[in-house]
Amino acid sequence: MWSCVLMDGNALLLWWLLGGLMLCLTLGEWEKAVRWVLLGWVASTGLLWADQRASRPPMARAPAWSQVVVSPQFVGSTEAERGSNMRGIWEAMDDRGCRFRIWMEAESPSKACFPQRAFVVLHPIPHSDLADAFSFESYLKSSRVYSRAEFLSWEESEEHSRQSLDVQVREMAWRWRTWLASRFSGRGQGLILGMFAGDRKAVPREIREAFEHLGLAHLLAVSGYHVGLVAGPFLLLLRTQNRWLRRLSALGIALCSAFVMACGAPVSGIRAGVMVVLTWWLVVRGRRSDVWSAWGAAACFAVFRDVHVPNGLGAQLSFLATGSLLALGHRSSWWRVPLRAQMSTAFLTVPTFQILPWAFYPANLLAGPLMLLFGATVALGLLGPPSGIDIPIQMSQWIGDLAVGVDGRWKLWSDGRRWSGGSGRLLLLPLGAFWIIRLIPGQRRRSLLRLALCGSCISCVMLSAWKHVETRDDSLPLRLWSLKSRKPCALVTDGYGGVAWCAEGMQHQALHAATSLGLEGPVRVMPWHEADSLQKKWIQPPLQAWIHQNVSKMTSEPVPLE
């Protein structure tokens with residue numbers, strides 16, 4: 001079902017999927033798989049059709065005020081002060097009963113119960129800026145958001161039903177976050193809220209960036225790692241022969257489910273929770289635990305919950321990394337886990353975030369036991385006396401300072417711009433798909449697929465080199481871009497490469513813009529000295545351009561050359 005939703009009703013892609021399965025599976029396994037693929041195709045097509053019938057199409061008319069019923073699809077951050085604005089994705093319903101999603105920033109209502117009626121003005125989603133590393137426009141569209149709502153006011157009317165499971169989960173998550181924030185108050189509470197409550201906004205910006213540069217960003221998202229910390233000690237009781245001790249493992253399942261709900265039920269948490277519950281149930285029933293079946297059942301559950309989940313980047317990373325780890329299949333391969341998870345998802349993460357953390361492997365190996373100790377101290381702080389709260393707070397502060405210090409002293413990451421284009425993705429995809437070879441029966445078929453992956457890598461390199469040679473043309477027009485930045489920043493490009501002038505610390509703005517413009521050639525970044533920050537700046541002859549001294553935060557736009 002997961003793959004069929006991604007096909008979006010394209011029958012040609014269905015035949016490609018069936019043909020690929022025929023190459024990878026034996027005839028008997030292929031005949032069994034075809035039934036499930038066709039069943040998933042029919043089910044996903046029906047879910048997409050039902051969602052399309054009940055949803056409102058993207059707006060194509062002029063902006064006008066609307067009266068809608070809205071409910072937030074996010075859990076408020078504890079960093080937001082009381083009475084401040086709520087910003088994120090909202091589920092809206094118009095007067096015709098059609099549902100659609102909007103991006104809105106609204107003031108907190110006097111009554112915090114949802115859903116509520118509001119007056120809004122709908123606008124199209126603005127395009128992402130060239131100087132931004134992350135395409136916010138693509139993220140919203142992958143989440144089925146096609147409108148930006150300008151909040152006007154709340155309407156005083158009767159309260160709507162609050163019996164929805166999603167509403168109750170968000171209220172439970174908010175209560176958990178506020179209680180955790182009151183329990184662990186201090187400078188180091190941000191990392192605790194991010195790891196054990198899913199409140200990423202509570203983590204300081206410099207710590208989030210340091211974790212991304214070190215390849216540890218997955219620790220700030222509630223996933224199987226965190227679920228395993230909660231349920232793992234109780235699931236170990238399944239290895240005992242005592243019947244009553246084995247029954248105590250159900251306590252771990254209850255805590256695991258409560259933890260996922262308390263974190264707002266993210267897709268990665270739901271995936272991990274469903275897999276743990278199904279595996280535990282099979283073991284308790286005396287059957288063989290099939291983690292692959294649990295993985296597929298979790299995917300189907302996620303699709304039934306929201307048919308557009310497979311289009312989200314977070315869900316794709318969660319299921320892809322989990323599948324690659326399941327393909328290891330050996331307990332002695334624990335040291336391969338960080339390498340396998342990072343490489344299998346690199347073709348998605350590197351082009352999206354344009355960061356290549358080359359120190360991810362030692363960082364993850366060291367973070368494993370450190371996070372285990374950190375989770376134990378947080379658990380003791382929750383269950384122990386108030387005097388023991390200072391230990392997890394100090395440890396959280398020490399971990400954050402350590403990550404920021406290491407990232408500040410050594411640059412353990414490089415720009416991923418060269419891997420963000422079409423040729424870069426084609427190179428990363430075969431490298432990330434090598435784990436699939438382990439799932440294919442037959443040595444001859446494995447060798448054939450390995451040869452095909454290597455051949456595709458070589459072909460991509462040759463195609464990319466030929467494209468670079470073909471693109472270099474002296475007759476291409478030159479364009480000057482004034483980039484959105486807090487300090488002056490400009491980029492001159494001929495369609496292949498470019499030269500940029502940026503103030504200190506703004507080099508990444510020019511590189512992000514070069515990626516958005518699709519430049520395959522090198523981009524040379526020149527320093528913008530204070531002595532040159534005049535109204536008129538001379539660029540290497542024969543170019544002469546006017547650059548404003550104070551560059552606003554408006555969208556990047558081309559500047560005509562004189």
Side-chain angles (χ1 to χ4, degrees), residues 127-136 204-215 217 346 349-360 403-421 423-425 428 468 478-540 543 545-559 561:
H127 297 292
S128 296
D129 191 80
L130 295 176
D132 296 334
F134 184 72
S135 178
F136 192 64
R205 183 187 182 97
E206 61 274 10
I207 296 181
R208 292 202 307 265
E209 292 180 351
F211 271 61
E212 292 176 358
H213 296 164
L214 294 174
T349 57
V350 174
T352 301
F353 301 103
Q354 299 183 17
I355 292 178
L356 190 62
W358 50 270
F360 69 91
V404 174
V406 171
D407 183 51
R409 185 171 182 179
W410 298 289
K411 186 180 178 182
L412 301 178
W413 60 278
S414 59
D415 178 68
R417 187 182 68 86
R418 297 187 179 276
W419 302 91
S420 300
S423 57
R425 295 190 183 188
L428 288 173
H468 288 173
L478 296 174
R479 301 188 71 184
L480 171 65
W481 288 82
S482 177
L483 302 181
K484 181 187 73 173
S485 176
R486 297 187 302 271
K487 299 179 181 179
C489 190
L491 172 66
V492 175
T493 172
D494 61 353
Y496 170 74
V499 181
W501 288 264
C502 298
E504 184 179 359
M506 296 291 108
Q507 293 84 354
H508 60 281
Q509 302 273 358
L511 296 178
H512 297 333
T515 301
S516 301
L517 293 173
L519 303 184
E520 295 286 347
V523 176
R524 184 181 179 186
V525 181
M526 306 289 291
W528 187 302
H529 301 289
E530 294 296 332
D532 297 333
S533 58
L534 304 176
Q535 184 181 12
K536 190 174 185 180
K537 176 169 180 63
W538 289 88
I539 301 177
Q540 297 177 359
L543 299 178
W546 291 86
I547 302 295
H548 296 286
Q549 182 176 359
N550 297 323
V551 181
S552 65
K553 295 183 180 181
M554 300 299 290
T555 304
S556 302
E557 55 186 10
V559 178
L561 294 172

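A heavy-atom distance below 4.5 Å is not found between the side chains of V350 and I355. At a threshold of 4.5 Å between non-hydrogen side-chain atoms, the residues W481 and L130 count as touching. Between V525 and W501 the shortest side-chain heavy-atom distance does not fall below 4.5 Å.
Considering all non-hydrogen atoms of both residues, P357 and H213 come closest at CB-O, 3.3 Å. The shortest non-hydrogen separation linking V404 to E206 is CG2-O, 3.8 Å. Across every non-hydrogen atom of A510 and L483, the tightest pair is CA-CD1, 3.7 Å. Residues E212 and A217 share a closest heavy-atom pair of CG-CB, 4.0 Å.
One distance of note links SG of C502 with CE of M526; it measures 11.0 Å at 0.5 Å rounding. Summarising the geometry, atom OG1 belonging to T349 is positioned 8.5 Å from atom CG belonging to L356; distances are rounded to the nearest 0.5 Å.
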Requested in this report: Before giving the answer on side-chain contact (heavy atoms from CB on, under 4.5 Å), spell out for R479 and V492 the whole-Å C-alpha distance, their side-chain angles and the decisive distance to 0.1 Å.
Outcome: CA-CA 6 Å; R479 301 188 71 184; V492 175; over 6 Å; no

Query - Intermediate values then yes/no, side-chain contact (heavy atoms from CB on, under 4.5 Å), W358 and L412 - result: CA-CA 6 Å; W358 50 270; L412 301 178; 3.7 Å; yes

Requested in this report: May I have the step-by-step check of side-chain contact (heavy atoms from CB on, under 4.5 Å) for L517 and L491, ending in yes or no?
Outcome: CA-CA 11 Å; L517 293 173; L491 172 66; 4.0 Å; yes

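A salt bridge links R205 to E209: one of the charged nitrogens lies within less than 4.0 Å of a carboxylate oxygen.
Remark: the backbone N or O of F136 is paired with a side-chain donor or acceptor of S128 at under 3.5 angstrom.
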